[in-house]
Amino acid sequence: MKRETTPLPVHEPLSTDLLHQENERLRAETKQLKDIIRQQQAELRRVEQRWKFALEGFGDAVWELNLQTREIIRSVRYREILGYTLEEFPDVVEVWMDKLHPQDRQNLTDPDMSLYLSGARKNHITEYRLLAKDGTYKHFLDKGRVFSYSEDGKPLLMIGTSTDITHQKNIEDALRTSAHRLSNLIADFQEGILLEDENRAIVLVNQQFCNMFSVPLKPDELVGVDCSGMAEQSKGFFKEQDAFVTRVNQLLQEQKLVIGEEISLADGRTFERDYIPIFIDGVYAGHLWKYTDITKRKHAEDAAFYLNEKYQRIIENMNLGLIEVDSEERIVYTNQSFCAMSGYEPDELIGQVATDILLKGQNIQFMKEKNESRLKGNVDAYEVSIKNKRGDAMWWLVSGAPLYSQSGQVIGSTGIHLDITKQKQLESELRVAKQEAEHSARVKELFLANMSHEIRTPMNAILNLGQQITKTSLTEHQQFFIGMINTAASNLLVIINDILDFSKIEAGELSLEHINFDLADLIEQAVLVMTHDAEKKGLVISTEVSPGLPPTLLGDPFRINQILLNLIGNSVKFTNAGSVHIQCDSKKVAGNQLIALSVADTGIGIAPEFLSNLFTKFTQEDGSIGRRYGGSGLGMSITKQLVDLMGGTIDVKSEKNKGTTVTVKLSLPIGKNENDVNQKQTTPNEDLLQTKRILLVEDNAMNRLVVTTILKPYGITIVEETNGYNAVERLRKETFDIVLMDVQMPVMDGLEATRITREEISKSLPIIALTASVIRSEKEECFNVGMNDFLAKPFEGKELVNMLMKWLTGTVEVAEPEIKEADGSLYNLSRLEMISRGSQEFIQKMIQLFCTEAPDVATQIKAAYEADDFAKVKYLAHRIKPTIDTMDITSQIDAIRKIEELAIIGENSSDFKSLVDDFEKTIHQVTGHMQQTYGTGSN
């Protein structure tokens, strides 16, 4: 309401009467305005009351909140929804807050109504949950606004409604869960899925679809994208581009279901496409594309078709008999090959029961079981004996399979038949031959055992007696000759061991030593051995050794000596005039010494066409060479194998009638000079053995002499017997501390004597097997009958004494080299030297780090293993693996990788434990040796 007044003159002062009149008029107008406001407020309350009744008629609860006093009034409907009475749920804000869900309580943006009181907020729409009387939470949609203000403009009254939306919320949650489940299901499909709405906007797409069409975006980023031009944009993927676009437009226009449509892609793949239109209440609402990559299936189908054609042609072109029988075993089809095999004509077979006409009463039950199995859908192959039309016995290999109708029911079977009569005859002959071969193998093994015994027995005597002679007073020439005899006998023994070891012959196994030796001395000895033969032919043998050759190398001197003797021997043998020159060149490469041994002669040479066969076993250039010069043709083959085992190379250059040069290259670690190695040179303590009584059971007098000669200085009492029977009788009457028992003896062998001793005399008496046999099975048999240990002839004196000390005193008096020598071979710093280019400062730092970290890691690996924490074992093994390689800890390079593999498998085993224990032990040995050698602490 507006009031019009006449403005007063600005410059004229008002009189007292006029002011009083104006004041009365304003007071009257103010009273009139207040009456109008009271009438409007009363009308507003009536309107609000009508709205409250109307809203409650719709099921909504109504409430009033006095913002100044925080008094609240709720309609009856509010408590009805929650199931409370007025006493249980009074109109108090604090009670309402107590029933509010904890999460909603935390999410309240204006719990103290400060925003309303300040006028910053005038209305709200919010959702919350209240605890109902039955223990569930009800969802409310709350709407409210400020409806009245005080005279000074402060908000006084807020009125609102609360709607129970629990049901809608439950429906929304169910729909959300269902949509999420469907989305995850589609996302995990192996098929590409694309869902479009009626306007061709993407509603849903999975990752597989993006992968199939090389889409660089994620599925979520494609939602809402317009697909109207997608066919045109993606047609480049397909072999027939225009046809693809035309077909897509046709499907979208017709809006009909299409399943299993195949499409060829330009890159050779094949997709299968489904188009599924979607209708809701008869109204088109979009469509779904499903793409499946069936490339592998198509290839398999093509391969199957090809194989079917292939096998059909094979059956047609080979003598394979084919028949089909019904469920009653009556023949319904046969090919010509089957007729030829059986001797019957087609009209004699069709309609006949196959088992009746072919088996003639034989194998009836067997065939009945096979046919019953076929009717159950089983496929198998078997051999069966039949008789043909003429009555001849035959063997057929039958491959049978069930025969299906179009509806999938078994209606009979198909059989492919192969005549294997000749093969069965051959099998019988092979069986006989196998038995004869096995018998021959047993005879061969027995022969090798006997030959081993017969050859190694005198070799044992030669070696040991030769060693004993060297301890006597000899002239210089005698010392030289006995040294040559011992060297030659030792080399001969190595060769005999390899030839006679049956398992090595069969498996191609040769073991290599890894010991210190002087190569220059080895060359000199080999030359001395061959000098006599060379002088007889008037040949000059000369040697040239590089001054840079280290005095000591690590390797197998016996095998290298064997190579030298073979090469020098060949040169002397095939050279009639002139010379033989042996040259040894040496240079350091990557921490090792690269040795080049060359043997050059002026002999008959080798034809170029024969050089390729030089290393073939039992091969010589021609027959006359073999007759003229002798030899088996094994020498160069063995030499090649030895060089290969050492990781070296062998090269031959030759010209007919002008000579031959053979060069062997080996990479060998540098050894330690014996003078620098702190070895204990001690001999067994005589006091520990001189009171012992030993029973020596040996039929060979030379071997008995060897043993008594070796043991004589120790004052041991030795009683001799020549066979097992006498030994058993002696053991029944006398007491001994230990028995040295030969295995092969007349009257009673050592195995039987040991068996009787264990059963009838003593189970604890130490019995040591003495045998010249190299057959592994014999060694196992020695332990099986109860022998305690095994000493192979020929043996060295210290080996025999150590064996006695081991079993008589529990100690070995002949000391081994100290750990510095033994452990030095556990690692090799050559790789470290190569990486650092010889920087000693870098090498020292690496050793320092290794000695600090490696033992701790090894200990952690063992602790993790014992705690079954295989993940930690794997992590630690993987972490330390490069360090093991860099430090070239040879014994653990493969072991740490095996530990890592077993940790990945995660299964405990004895092998696993053994590897972990050995790894920890070796690492501590290596670090101990490094600290002792390089002065590296672990701090």
Side-chain angles (χ1 to χ4, degrees), residues 1-81 86-87 89-97 100 108-128 130 140-164:
M1 175 183 289
K2 292 184 179 181
R3 180 171 58 89
E4 294 183 0
T5 59
T6 302
L8 297 175
V10 176
H11 302 291
E12 295 180 6
L14 295 175
S15 64
T16 302
D17 293 337
L18 288 175
L19 286 173
H20 180 70
Q21 291 175 4
E22 184 64 22
N23 187 41
E24 287 297 324
R25 186 174 61 80
L26 288 173
R27 189 178 289 111
E29 288 182 357
T30 300
K31 181 176 180 300
Q32 182 182 3
L33 287 173
K34 286 183 178 179
D35 291 339
I36 292 172
I37 290 171
R38 281 194 293 272
Q39 292 174 3
Q40 288 178 343
Q41 287 178 341
E43 181 63 25
L44 180 60
R45 280 194 291 274
R46 286 194 296 274
V47 171
E48 287 175 355
Q49 189 65 35
R50 287 196 294 272
W51 274 108
K52 288 180 184 179
F53 289 131
L55 289 172
E56 290 203 355
F58 286 113
D60 292 339
V62 182
W63 51 267
E64 291 181 4
L65 174 64
N66 190 314
L67 293 171
Q68 300 299 322
T69 64
R70 293 179 64 85
E71 291 181 288
I72 188 169
I73 300 174
R74 293 187 177 87
S75 65
V76 177
R77 178 61 184 155
Y78 201 89
R79 278 177 281 273
E80 287 178 353
I81 296 172
L86 180 60
E87 291 76 13
F89 196 162
D91 289 334
V92 179
V93 173
E94 287 72 19
V95 175
W96 181 85
M97 288 288 290
L100 189 64
L108 283 177
T109 59
D110 191 20
D112 56 358
M113 299 295 176
S114 59
L115 294 176
Y116 289 101
L117 293 173
S118 65
R121 177 180 288 179
K122 296 181 179 181
N123 57 59
H124 71 261
I125 299 177
T126 186
E127 293 182 9
Y128 57 84
L130 286 177
F140 285 92
L141 175 63
D142 202 279
K143 299 178 182 179
R145 67 177 295 112
V146 178
F147 271 90
S148 63
Y149 295 86
S150 64
E151 293 181 358
D152 56 0
K154 293 182 180 180
L156 294 176
L157 186 65
M158 177 184 287
I159 298 177
T161 61
S162 297
T163 306
D164 182 6

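All values below come from the heavy atoms of this structure, side chains included, with hydrogens, waters and symmetry mates left out.
- If you take CH2 on Trp63 and CD1 on Ile72, they are separated by 6.5 Å, rounding to the nearest 0.5 Å.
- Applying the side chain to side chain donor-acceptor pair (under 3.5 Å) test to Glu71 and every residue at least two apart in sequence or in another chain returns Thr69.
- Note that the CZ atom of Arg70 and the CD atom of Glu94 stand 6.0 Å from one another [nearest 0.5 Å].
- The two atoms that bring Tyr116 and Lys122 nearest to each other are CE2-C, 3.9 Å, heavy atoms only.
- Remark: Thr161 OG1 to Arg77 CZ distance equals 12.5 Å, nearest 0.5 Å.
- Under the rule for a side chain to side chain donor-acceptor pair (under 3.5 Å), the partners of Glu127 that lie at least two apart in sequence or sit in another chain are Lys169.
- Residues forming a side chain to side chain donor-acceptor pair (under 3.5 Å) with Asp91 (at least two apart in sequence, or on another chain): Arg79.
- Judged as a ring pair (Phe, Tyr, Trp, His ring centres under 6.0 Å), and not counting sequence neighbours, the contacts of Phe89 are Tyr84.
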>> Would Leu130 and Leu100 count as a side chain to side chain contact (heavy atoms under 4.5 Å, CB included) here? Give the steps.
In response: CA-CA 5 Å; Leu130 286 177; Leu100 189 64; 4.0 Å; yes

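- Scored by the salt bridge (charged side-chain N to carboxylate O under 4.0 Å, His left out) test, Glu24 finds Arg27 as partners (sequence neighbours excluded).
- The distance from atom CG of Asn66 to atom CE of Met113, rounded to the nearest 0.5 Å, is 11.5 Å.
- In this structure, the separation between CG on Leu65 and CZ on Phe147 is 13.0 Å, given to the nearest 0.5 Å.
- Aromatic ring centres of Trp96 and Tyr78 lie farther apart than the 6.0 Å criterion allows.
- Legend: residues meeting side-chain contact (heavy atoms from CB on, under 4.5 Å) with Lys154, ordered by chain and number and at least two apart, are Gln68, Ser150, Asp152.
- Judged as a side-chain contact (heavy atoms from CB on, under 4.5 Å), and not counting sequence neighbours, the contacts of Ala120 are Leu115, Ser118.
- For Ser114, the side chain to side chain donor-acceptor pair (under 3.5 Å) test picks out Asp110, Asp112, with sequence neighbours left out.
- Judged purely by distance below 3.5 Å, without hydrogens or angles, the side chains of Thr163 and Asp60 pair a donor atom with an acceptor atom.
- Residues Ala61 and Ser75 come closest through the heavy atom pair CA-OG, 3.5 Å.
- The two residues Phe140 and Ser162 make their nearest non-hydrogen contact at CD2-CB, 3.9 Å.
- In this structure, CG on Leu157 lies 12.0 Å from CZ on Arg145, to the nearest 0.5 angstrom.
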